[in-house]
Q: 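Dropping a structure here in structure tokens format, bear with me for questions.
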Amino acid sequence: MEFVLNFPCFSILLAMFAAIISSVLKGRGAKILNTFVVSLVGLMSLAVLIFTVRTGECYVYVMGHFPAPLGNELRFGALEAGMALFFAVIMLLSLNGGRRKIKLEIAENKEHLYYVMVNLLLSSLLALVYTNDLFTAYVFVEINTISACGLIMITEHGRCIEAAMRYMIMSLLGSGLFLIGICILYDLTGHLLMSYIHTSIEAIVEAGTYSVPLLVTIALIVVGLAIKSALFPFHAWLPDAYGYSTVSSAAMLSSLVSKGYIFLLIKLMYRVIGFPIFANSKVIDVLFVFGIAGMIMGSLSAIRENDIRRMISYSSVAQIGYIYMGFGLGTMAGMVASIFHILSHAATKSLLFVSAVGLTDVSGNHKDFEQLTGAAYRNKAAGVAFTVGALSMVGIPAFSGFVSKLLFAQAAMDQHEKMLPALIVLAVSSVLNVIYFMKTVIRIYTPVQTGYPSVRAKENKLFVVTLICFIVLNVLLGMCSQPITEWIVQGLNVFA
Amino acid sequence: MEEKMNFILLVPILFPVIAGVFLVWKREFRKRRNLLWFVGTALLITGTFVAVNLMGGERRLTAFYLTKELPVFFKLDALGRLFALLVTLVWILAGFFSFEYMKKEKRETRYYGFYLITFGVLLGLDFSGNLITMYLFYEFMTLASLPLVLHSQTREALMAGLKYLFYSFCGAYLALFGIYFLIRMGNTIEFTPGGVFESGFLAEHETLFLVITMLLIFGFGVKAGMFPMHAWLTAAHPVAPGPASGVLSGIIVKGGVLALIRVLYYLIGPGFLSGTRVQKIWIILTLITIFMGSMLAFREPVLKKRLAYSTVSQVSYILFGLAVCERSAFEGALLHVVAHALIKVCLFLCAGAIIYRTGCKRVEELVGIGKKMPVTLWCYTIASLGLIGIPPTSGFVSKWYLGMGALDSEIPIFSWLGPMILIISALLTAGYLLPVTMKGFFPGEEFVCKREKEPYLMTAPLIILAALTLFIGIFPETVLTVIRTISGVCI
Amino acid sequence: MGNHVFANYGEVVAMLLFGIGFTNLLLQKNMIKKIIGLNIMDTAVYLFLAEKGYIEGHLAPIVVNGDLNPETYINPIPSGLVLTGIVVSVSVTALMLSLTIRLYRRYHTLDLDEITTRLKKEGR
Amino acid sequence: MNAICLLLVVLIPPLAGAVVALAPWRRRTHWMIFLEFAVVVNSVLVWLLLFNRPADTLTLIHFTGELSIAFRLDGLGTVFAGLVSFLWPFATLYAFEYMTKEKHERVFFFFYTLTYGVTLAIALSDNILTMYCFYEMLTLATVPLVMHTLSREAVLASRKYLYYSIGGAAFAFIGMIFIITYGDTTEFLLGGVLNMVKVGENRNVLQFIYFLTFLGFGVKAAVCPFNSWLPQAGVAPTPVTALLHAVAVVKSGAFAILRVTYYSFGTDFLRGSFAQSAVMAIVMFTIVYGCSMAVKETHLKRRLAFSTISNLSYILFGAVLMTPLGLVGALSHMVFHALMKICSFFCAGAIIHQTERIYVHQLDGLAKKMPKIFGIFTVSALALMGVPGLCGFISKFNLASAAIESGNLLSYFGIGCLLISALLTAIYMLSIVVRAYFPAEGFREETLEGITDPNWMMLVPLIVFVILIVGFGVFSAPLVTLFKDIAGGLF
């Protein structure tokens, strides 16, 4: 066995141990450790990615000594490795972008706790990506939830705690449903390992028995994960959680946490239930409807919002709607588009959060648009970065958003009944995106006389470098989509 | 005629235009005398060129192509000659009249500039050999004559000018609609007497062509002051300086008439129109115009406006003649073109002379004017008789032919109703023109005044015009021979 | 249908409990009641699992007297799952409670909606 | 010539602009000369390309699947690229003078030249994806220009502009996707690329999608009801409004519509469908609507902007006739309207620059002080009205004859709309001219003390344009022949 195949397991454990160690370190030490760990995880994932892409196969990694039907397994191919790499990169960038804010907003004696949470989050995300065991997935879902909650409430601001509370409640509802779904699935099939469940389910479907319980199970799991990933109409907790937490948390929450759940959902669709079975169930239509409803409603809420952070949060609701719409199309192309959008949205949304904080910083920490007028002149890097993010969200060619839009549209063309609604909603939602993002962009470029100080790029090198990395990432996704989609297709083929 | 000599056709068109543009550009002359010499010479030289052209045989000239299917093409045919002669004659006479009249006005150079430009454009209109060339000059005619209307720059004049512009373009574009179709549907757009369309083709597209014809009649009818698009005429003509209103009323309205003749008799062909519903509508409209124009003139107190209403009525005589589509009516119409041009210019110049000398504009102020300005009023009287149609003036002959033509035609009702209205209108004409003469010469016992000086630059044109009116009335054959050659080929 | 329900009364009860817990977590205003709802929900799941794993007449899967015959014991996996689940639910409950305490200290109420209104009134 | 030159002409302008914006220039003249030089070189390069067309396609990037960003020069692109590259150097020259009074000049010129590159890229696009990409880019490149003055109005206007443009593009995006899916290729081929086997029973859906696409691209071409951004965007400095919002940007919209209609969906597929009737109705309404609003508007630049709205729909009217002749009409109006409108806008800009008067009623009597500007303005006004002998007439004639040729009853009404619009054009353009030349009584000339014609940098472009307006009006045969070849697929 190649040594590189150990890396996924190592990276999960590494992150987890780092979390444990961090709890006894000082803030600075924890920060360094965390950076190191995230980078290392990234590198390891890269190695796995290169390896898996080259061989084009999927590998199973047995945890512990129990063999297949009973024991715990990791399973990874190109898609998982790439996703892990991507998560690590985004996490690193988000943390770097918000580093100054972390220092400012978090009490010094709690800083190391923040990194504990981050490490834990990373570990759970990796586990969600790699695991092949449903119950393990559930456990890490909960760990994910807890660490995310910690990330939200770390600033100990009243609003944050309240948001954390709401987030917890919704999350727990979701994970409750998810858990009961798993249990019924276990009841139906007698397995917890995904591949085995799949075999049984195929048998069940073939036999034609238990069709109702199966449908209910699928529905329970999907709804559970949908709540957790803030699909419209379960998004009520989201704006507060994203809007008031410290910026790195917001960026990570929006681009990683919800994406982790979505990735798990993909895994369920492909590996557990089987894509053809899933695509034939009614659930998919429901997802489609809620997806397009989310695209519109999220944007509408964003238009009404007067707080830049909350506006971006609502935009997340819309973007998650895109992803679910892609699922709802029930085709391979739709899935590819959704996965691409996971990447593109993660890259863009964290960029937006980070740059938005750069803008609010130079506006006396006010987040309403009135105060943000002309902020782009006071912090040029943030202004440019926000503009790039906004353009990408709107779907301007050369940025990542355009490619995902293109992929979605092309995918919609294959699906005859859903074609027109999907396309028209896509167009309408673009228009709505234009309205609120471009409004903001123009607002920040409208000069005004204020007493707020300007920030020079030199004073905040890390921030600027992070933004540049984000922009490059975005443009890279936008311009070199060909290899990325190829990778996604390859990954999906060996995914099940 | 040699092909290369044909460019002579362009000379009378371009020469006045260039001279006029030069004047507009130059703006100021050091001495008024120089200006007058310049204008006078230009007018006479143009006249000579026109004469040279008229003497020669038929000339054809394709100047250039707008696009491949749109040549700007000039041709000199009988109808063009008639109109060109008329225009030249009137323009020179009115021009000399202006020399005296314009003494009192400001911005003279500009006036003469546009006067000359309009002259050239009108000659271009007369020499046009095809539809597109005619339309080109038709538009330019509106634009070039606009400054004449606007000349005084009073608010009234501005409003009138804009009204003139609006109505004219409205008409031009209505006509343009038809023109587009004619160009597209026809094999050629060159004017050919009797029409260019085969009757079978016309029958096939009858509805379309009826619509087109209707639009063309309405469109060009605007320029000719046909009801219901006559309102601009009575606003625009009176506000211009005297000689300008003369030529506007006498000549430029005939631009519309010329265009109608060209389109109906030289492209679509008169045979298509006769007997159709469009013809009836047209006849009704002309008759309404004739009657209404006279009535309005009758109750109008301002002399120039009264004359303008009279124009509305009289031009519709011509249109009536055209609408009947009958040979002698057509001849009458053409004769009336000539007669009315001379008479109306004469009348307007008289009115101008009176205003110039006395400043009186309203009819009731003209009591005893015959004592002050006898020559002017005599000319006025002769012209009035002509317009009413009393022998031996030109108006009598033309109306005679019109009436005969109408009676000869086989259109039910209108064959007798037409002449009747002509006669009623003639009575009304007498009613609104002659009181000036009567009050002018017989102001009553106690009226005392001294005779005003009448400068020969003013009286000479008047006398010539009045004399021509009489001359044509006495020897109508001089003009009629020309007209017969036209009608011979057209119908 | 009826006898199915009766035969599987354990599962039915579990589902009812799950419903109760879910509704409480979702709809209760009082945070403590919400947490109780959460626990009911979790417990329902454990009940369900236990019911699934239990085989009539078999022993708990603890090897005491060297009997390695699988027929002797009930299915051990659900039991393992329940144990894991309990750990998870304990930690989650702890976190929720700590959050509740913090909120209560700050706002002296357990009503989440009231806290929200108050926060909005503060404008932050 | 080598296909790589296609990329070169797209890249030179932005690079030159970037150099201007970023390099430390010591004096204004230096970078001005540099920039003008770069623009001229680029234009020369474009024209060289037009005459030695590279036959092959230049592919830059492969997107997913067979989608790629690629450049190619075909007939339609030739016209647009030629037009744009001809106008840009002149407009830049004009902008130098105009912008002396504004701030942030170098940033302005960066975006100004960037737009040049992007517009050329649209013209040279080989496939629909490339065109779409640069179409979006165009919006972004021009927003800073609209926002330039940074006043509240400008910000609002640019915001609206963004919403409309990108929103429209979102709908055009749908059309693009359909072309990608149902077409044999994404390239532009005359006659369309739809694969009828794939289309099968989805004809109606595709026709509906065409309608959406039309509206989407139509936003830039300001079709009703998506036109309100255009007059608002008039707050930008005049070179921007003139070149971008009368030519480059709006024509890109029209160009895109021509592309999708003739080169992607294909006219055979669309002709006679409900989509054609729908878009034609919209276009016809816009023609009349734009003009009516222009008549109502008293702000000079906004009036011209409304006029642009109407005129753009002329182009679209040609486009939606869906016949080769319609394409000819559309192309000729695209070129000629560009000349006329840029000319009139530059005049308006010159007036604003010299006098800071922005409302029509403030222009009384200005013609005397700025004779050259108003002379040129008059010519462009007449051309816009479609007076024969100027280029506006040619394009309208081409449009009308195409409409007649198409035999579609609705298009006959379209001709009517063209003519109504021409009439309204006459009103709103000539009322300015009349006002400037013939101020009403009581006008005090002293108020205009010190106003003169602008200097050569502003005048040279104007004179060139006016010569072309007249030149093409009198002699347009080669150009129209070229358009016919393009429409016939021969070029």
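Bear in mind that the values here come from a model prediction, so they are computed numbers and not experimental data.
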Q: Under a 4.5 Å cut-off applied to non-hydrogen side-chain atoms, are C:Met96 and A:Ile169 in contact?
A: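 In contact.
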
Q: When you check the gap from the basic side-chain N to the acidic O, do C:Asp113 and A:Arg166 get nearer than 4.0 Å?
A: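 Looking at C:Asp113 and A:Arg166, the cut-off is met.
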
Q: For chain A, find which of C:Pro78, C:Gly53, C:Ala44, C:Gly85 contributes the most heavy-atom pairs closer than 4.5 angstrom.
A: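 Top option by heavy-atom pairs under 4.5 Å: C:Pro78.
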
Q: Does the pair C:Arg102 and A:Met153 meet the rule for a side-chain contact (heavy atoms from CB on, under 4.5 Å), with working shown?
A: CA-CA 10 Å; C:Arg102 277 177 188 245; A:Met153 60 173 286; 4.0 Å; yes

Q: Could you tell me which portion of C:Leu38 (side chain, backbone, both or neither) has an atom closer than 4.5 angstrom to a non-hydrogen atom of chain A?
A: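 Contact with chain A involves the side chain of C:Leu38 alone.
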
Q: So for A:Leu192, is it side chain, backbone, both, or neither that comes closer than 4.5 Å to the heavy atoms of chain C?
A: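 Side chain only.
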
Q: So, do A:Tyr138 and C:Leu81 sit near enough that their side-chain heavy atoms are less than 4.5 Å apart?
A: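 They are not in contact (no side-chain heavy atoms under 4.5 Å apart), so the answer is no.
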
Q: Below 4.5 Å from any heavy atom of chain A, which atoms of C:Phe18 appear? Answer side chain, backbone, both or neither.
A: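 Contact with chain A involves the side chain of C:Phe18 alone.
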
Q: Measure distances from C:Leu112 to the heavy atoms of chain A and classify the residue's part below 4.5 Å as side chain, backbone, both or neither.
A: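 Both backbone and side chain.
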
Q: Which distance, rounded to the nearest 0.5 Å, do you find between the CD1 of C:Ile35 and the CE of A:Met168?
A: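 Rounded to the nearest 0.5 Å, the CD1-CE separation comes out at 9.0 Å.
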
Q: So with a 6.0 Å cut-off around OH of C:Tyr107, is the heavy-atom count from everything else above 12?
A: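 For C:Tyr107, atom OH is crowded (more than 12 foreign heavy atoms under 6.0 Å).
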
Q: Is any side-chain heavy atom of A:Glu162 closer than 4.5 Å to a side-chain heavy atom of C:Leu99?
A: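 Side chain of A:Glu162 against side chain of C:Leu99, heavy atoms only: no contact under 4.5 Å found.
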
Q: To the nearest 0.5 Å, tell me how far A:Met165 CE sits from C:Leu103 CG.
A: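 Reported to 0.5 Å precision, the distance equals 6.5 Å.
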
Q: Measuring from atom CZ of C:Phe48 to atom CD1 of A:Ile180, what distance do you get when rounded to the nearest 0.5 angstrom?
A: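 Output value for this atom pair is 5.5 Å.
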
Q: Could you walk me through whether C:Ile77 and A:Tyr186 pass the side-chain contact (heavy atoms from CB on, under 4.5 Å) check?
A: CA-CA 10 Å; C:Ile77 290 179; A:Tyr186 177 61; 3.5 Å; yes

Q: What distance separates A:Asp187 CG from C:Glu51 CD, expressed to the nearest 0.5 Å?
A: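 Interatomic distance, A:Asp187 CG to C:Glu51 CD, rounded to 0.5 Å: 10.0 Å.
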
Q: Answer whether the closest heavy-atom distance between the side chains of C:Lys34 and A:Leu172 falls below 4.5 Å.
A: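 A side-chain contact under 4.5 Å is absent here.
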
Q: Non-hydrogen contacts under 4.5 angstrom with chain C: give the residues of residues 139-151 of chain A involved, or none if there are none.
A: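 Near chain C, by residue number: A:Val139, A:Glu142, A:Ile146, A:Cys149.
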
Q: Which atoms of C:Leu26 are under 4.5 Å from chain A, going by heavy atoms: the side chain, the backbone, both sets, or neither?
A: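 Interface part for C:Leu26: both.
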
Q: Any side-chain heavy-atom pair from A:Ile184 and C:Met15 closer than 4.5 angstrom?
A: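 A side-chain contact under 4.5 Å exists here.
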
Q: From A:Ile161 CD1 over to C:Ile115 CD1, what is the distance, rounded to the nearest 0.5 angstrom?
A: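 So the gap between those two atoms works out to 9.5 Å.
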
